[in-house]
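Worksheet for the structure shown next.
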Amino acid sequence: MSGGDSKLPLEVEQGIVKFDASTLKHAEVQEKNVLPSSNEICQEKTIQNIEAFDKNKLKRTETEVKNPLPGPQAISQEKTIQNIESFDKNKLKRTETEVKSHLPDSQVITQEKTFKNIESFDKTALKPTETEVKNPLPDKNTIEQEKKLTTTSS
């Protein structure tokens with residue numbers, strides 16, 4: 001290897017020439033041979049058994065086709081779908097929809113107004129009043145006199 005006829009850069013070529021192989025460490029090479037798993041072995045055996053299978057040992061069977069045609073309900077459903085696809089929208093009549101909103105009656109409205117008036121009522125606007133007892137209770141002396149009268153008359 002001379003500097004003129006090599007395609008490597010001069011520094012790389014000098015590094016190769018000056019390389020000391022005794023500086024390398026010894027390494028053990030391990031060969032990894034992957035063995036097939038038990039599932040793979042079982043699949044291969046099954047495939048081999050299938051290939052070697054004798055068809056003549058099979059018994060003759062008759063197949064019975066049950067209800068190969070669609071039922072009347074399925075047929076009518078398909079016809080309906082076909083009729084929908086060919087439906088002419090221009091044959092429809094114009095209609096106006098009437099939207100009815102359910103409003104509360106007048107009794108419910110007045111009841112709600114009453115509740116609102118009660119909540120916003122100003123108690124300070126009330127005038128002070130005095131309660132007058134129109135049916136006075138008898139005092140103790142009067143009660144005793146009535147007792148004496150009832151006991152003497154009985």
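Keep in mind it's a predicted model, so treat the numbers as computed, not measured.
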Residues in side chain to side chain contact (heavy atoms under 4.5 Å, CB included) with [X], at least two apart?
| X | result |
| --- | --- |
| F121 | K123, L126 |
| D54 | N56, K57 |
| N49 | none |
| E119 | none |

Let me confirm one number: the [atom1]-[atom2] distance from [X] to [Y], rounded to the nearest 0.5 Å.
| X | Y | atom1 | atom2 | value |
| --- | --- | --- | --- | --- |
| T114 | I109 | OG1 | CD1 | 11.5 Å |
| I16 | Q14 | CD1 | CD | 11.0 Å |
| E64 | E62 | CD | CD | 10.5 Å |
| L149 | K147 | CG | NZ | 12.5 Å |
| T95 | K93 | OG1 | NZ | 11.0 Å |

State which residues pass side chain to side chain donor-acceptor pair (under 3.5 Å) with [X]; sequence neighbours excluded, sorted by chain then number.
| X | result |
| --- | --- |
| N117 | none |
| D122 | T124 |
| E130 | none |
| T142 | D139 |

Please assess L137 against I143 for the test side chain to side chain contact (heavy atoms under 4.5 Å, CB included), listing each intermediate value before the final yes or no.
CA-CA 10 Å; L137 293 175; I143 295 173; over 6 Å; no
E40 side chain to S37 backbone, donor-acceptor under 3.5 Å:
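Yes; at least one donor-acceptor contact below 3.5 Å.
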Note: with side-chain heavy atoms under 4.5 Å as the link, the other cluster members for L24 come out as F19
Linking Ile, Leu, Val, Met, Phe, Trp and Tyr through side-chain heavy atoms less than 4.5 Å apart, which residues share a cluster with F53?
L58
